[in-house]
K.L.:
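There's a structure below that I have some questions on.
A, B, ... follow the sequence lines: proteins, then strands. Residue 1 opens every chain. Just so you know, these numbers come straight off a predicted model, no measurement behind them.
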Protein chains: 2
Amino acid sequence: MKETGTTRDAIVGIADTLFYERGFERTSFSDIADAVGISRGNFYYHFKSKDEILDAVIAVRSRNTRDMLARWEARSAGPAERILCYIRIVLTNRGKIMHHGCPVGSLSVELAKLDHPLRPDASAIFQVFRDWLAAQFAALGRAKDADVLAMHVLAFSQGVAVMDNAFRDKAFVQREVERMARWLADIAATPTT
Amino acid sequence: MKETGTTRDAIVGIADTLFYERGFERTSFSDIADAVGISRGNFYYHFKSKDEILDAVIAVRSRNTRDMLARWEARSAGPAERILCYIRIVLTNRGKIMHHGCPVGSLSVELAKLDHPLRPDASAIFQVFRDWLAAQFAALGRAKDADVLAMHVLAFSQGVAVMDNAFRDKAFVQREVERMARWLADIAATPTT
DNA sequence: GAACGACTAGGACAATTGTCCTACGATGCC
DNA sequence: GGCATCGTAGGACAATTGTCCTAGTCGTTC
């Protein structure tokens with residue numbers, strides 16, 4: 001059963017992209033069907049509703065996020081360098097962020113406006129980052145306020161993303177990344193209490 | 001001519017609210033017409049298209065923003081206190097921000113995703129804040145990097161807004177406001193070079 | 001080769017979208 | 001009073017929305 005991962009995965013993959021680039025509400029079944037190359041009616045064999053696709057997209061994003069963090073965990077030397085990977089992400093993905101905002105933040109805000117039942121699931125992707133960042137800060141010897149610091153870093157990235165989306169000023173993004181990197185270096189240098 | 005400010009203003013006022021609460025795309029003519037209490041067809045006497053309403057809404061928001069900043073300017077003692085007014089806005093408007101995000105930021109991101117021609121106009125509201133904040137920092141004796149500091153404060157507010165929308169944690173907002181207030185106090189205390 | 005399952009195409013469906021049109025009521029000017 | 005203008009109501013319009021249904025094509029298994 002379900003050996004047809006291909007079509008289903010293609011739908012989820014395209015939907016993931018379109019939901020990000022155009023927004024969930026703005027993306028229609030026709031858009032997805034056209035991009036995948038299947039008929040619109042055929043859709044309902046794989047998904048019973050649009051919300052079910054959104055659910056699958058969120059699941060995929062959540063998994064991809066975990067995978068990315070696991071790669072950082074494997075590659076980077078220490079917790080400070082890993083946190084820096086996250087701080088730099090607003091530069092790494094700047095092209096997309098400039099045009100479509102942060103995938104996590106923009107979906108979260110859109111679903112909040114729609115009072116959508118899946119809004120908490122979208123916010124849960126933030127939680128993945130939050131927990132991971134907190135773990136890194138804890139490894140830095142800041143177990144006590146690890147979550148507070150994690151939230152601060154998250155807020156930084158969201159703020160920069162929105163501003164970059166509005167002003168499209170690369171120098172601003174670079175400045176803020178450097179400012180945050182200095183802040184992180186301070187934290188890493190401070191002896192554990 | 002145009003003595004009928006009432007209906008037109010009512011449309012713009014309701015549209016302003018609905019665009020904020022539900023998003024521009026999600027708000028239909030019927031929604032606005034029902035809320036105002038007029039027929040849907042009558043609409044096109046006052047506005048030729050939905051985009052024209054958006055244009056009017058943005059203009060109103062821009063004016064309201066300027067008015068608010070002017071009030072702060074009149075009431076507050078000095079530039080530092082005025083900047084603090086802005087920093088505190090994420091607490092003042094927390095109820096709405098929690099549910100619908102920042103009005104400026106969320107509209108800006110939504111229009112970016114739609115590739116909407118009015119996106120720059122929406123971002124221009126940010127510019128109003130940016131210029132005003134920069135003027136305050138200049139008055140603080142930081143004329144050289146006034147704009148850099150202004151952008152930093154803007155990014156702060158957007159970051160906190162998105163995170164509050166996702167996590168709805170008042171303690172987080174308060175912490176970030178206090179952190180930012182300390183940062184501002186540092187700036188104000190540093191002697192002008 | 002018949003039967004069955006997984007998978008798909010294509011269209012029907014009511015509802016809603018933004019847009020446009022015509023006709024009616026009011027108000028004021030000549 | 002007659003007339004024009006401003007504002008409004010109500011509906012028509014094609015297009016699109018999410019959803020659902022049916023008929024069909026595959027490949028596999030007996």
K.L.:
Let me know the distance between CZ of A:Phe29 and P of D:dA15, rounded to the nearest Å.
P.N.:
22 Å

K.L.:
Can you check whether B:Ser49 has a side-chain N or O nearer than 4.0 Å to OP1 or OP2 of C:dG18?
P.N.:
no

K.L.:
Take atom NZ of B:Lys50 and atom C1' of D:dA15, then tell me their distance rounded to the nearest Å.
P.N.:
15 Å

K.L.:
Between D:dT8, D:dA9, D:dG18, which nucleotide gets closest to the side-chain atoms of B:Thr7?
P.N.:
D:dT8

K.L.:
Pull out every residue in residues 51-61 of chain B that has a heavy atom closer than 4.0 Å to any atom of DNA chain C, ordered by number, or say none.
P.N.:
none

K.L.:
I want to check something: taking the side chain as every heavy atom from C-beta on, are B:Phe129 and B:Leu154 in contact at a cut-off of under 4.5 Å?
P.N.:
yes

K.L.:
For C:dT8, does OP1 or OP2 lie under 4.0 Å from any side-chain N or O of A:Tyr45?
P.N.:
no

K.L.:
In terms of ring plane angle, is the pair A:Trp183 and A:His152 parallel, tilted or perpendicular, where the classes change at 30° and 60°?
P.N.:
tilted

K.L.:
It should be established whether A:His46 places a side-chain nitrogen or oxygen under 4.0 Å from OP1 or OP2 of nucleotide C:dT8.
P.N.:
yes

K.L.:
Is B:Arg40 side chain donor-acceptor paired with the C:dG18 base, going by distance under 3.5 Å alone?
P.N.:
yes

K.L.:
Report the distance from atom CZ of B:Phe19 to atom P of C:dG18, rounded to the nearest whole Å.
P.N.:
9 Å

K.L.:
Please give, in whole Å, the distance from C:dG11 P to A:Phe43 CZ?
P.N.:
18 Å

K.L.:
Report yes or no: do A:Asn42 and A:Ser39 form a side-chain donor-acceptor pair below 3.5 Å?
P.N.:
no

K.L.:
Pick the nucleotide of DNA chain D nearest each of A:Ser30 and A:Asn42; which residue has the one closer to the 5' end?
P.N.:
A:Ser30

K.L.:
At less than 4.0 Å, is any side-chain N or O atom of A:Ser39 found next to OP1 or OP2 of C:dG11? Yes or no.
P.N.:
no

K.L.:
Just the rounded figure in Å: distance from P of D:dT17 to CG of A:Leu114.
P.N.:
16 Å

K.L.:
Take atom CZ of A:Arg22 and atom P of D:dT16, then tell me their distance rounded to the nearest Å.
P.N.:
13 Å

K.L.:
Establish, with yes or no, whether the OP1 or OP2 oxygen of C:dT19 is under 4.0 angstrom from a side-chain nitrogen or oxygen of B:Tyr44.
P.N.:
yes

K.L.:
To the nearest angstrom, how far is B:Ile38 atom CD1 from C:dG25 atom C1'?
P.N.:
16 Å

K.L.:
Between A:Trp72 and A:Glu81, does any side-chain donor sit less than 3.5 Å from a side-chain acceptor?
P.N.:
no

K.L.:
Test ring-ring contact (aromatic ring centres under 6.0 Å, His included) on B:Phe156 and B:Tyr86; report intermediate values, then the result.
P.N.:
CA-CA 10 Å; B:Phe156 150 82; B:Tyr86 180 82; 7.8 Å; no

K.L.:
Please check if any side-chain donor atom of B:Asp51 sits under 3.5 Å from a side-chain acceptor atom of B:His116, or the reverse.
P.N.:
yes

K.L.:
Mind telling me whether B:Phe167 and A:Phe126 have parallel, tilted or perpendicular rings, with 30° and 60° as the class edges?
P.N.:
tilted

K.L.:
Using a cut-off of strictly less than 4.0 Å, decide whether B:Ser28 has a side-chain nitrogen or oxygen near OP1 or OP2 of C:dT16.
P.N.:
no

K.L.:
Measure the distance from CZ on A:Phe47 to C1' on D:dC20 and round it to the nearest whole Å.
P.N.:
17 Å

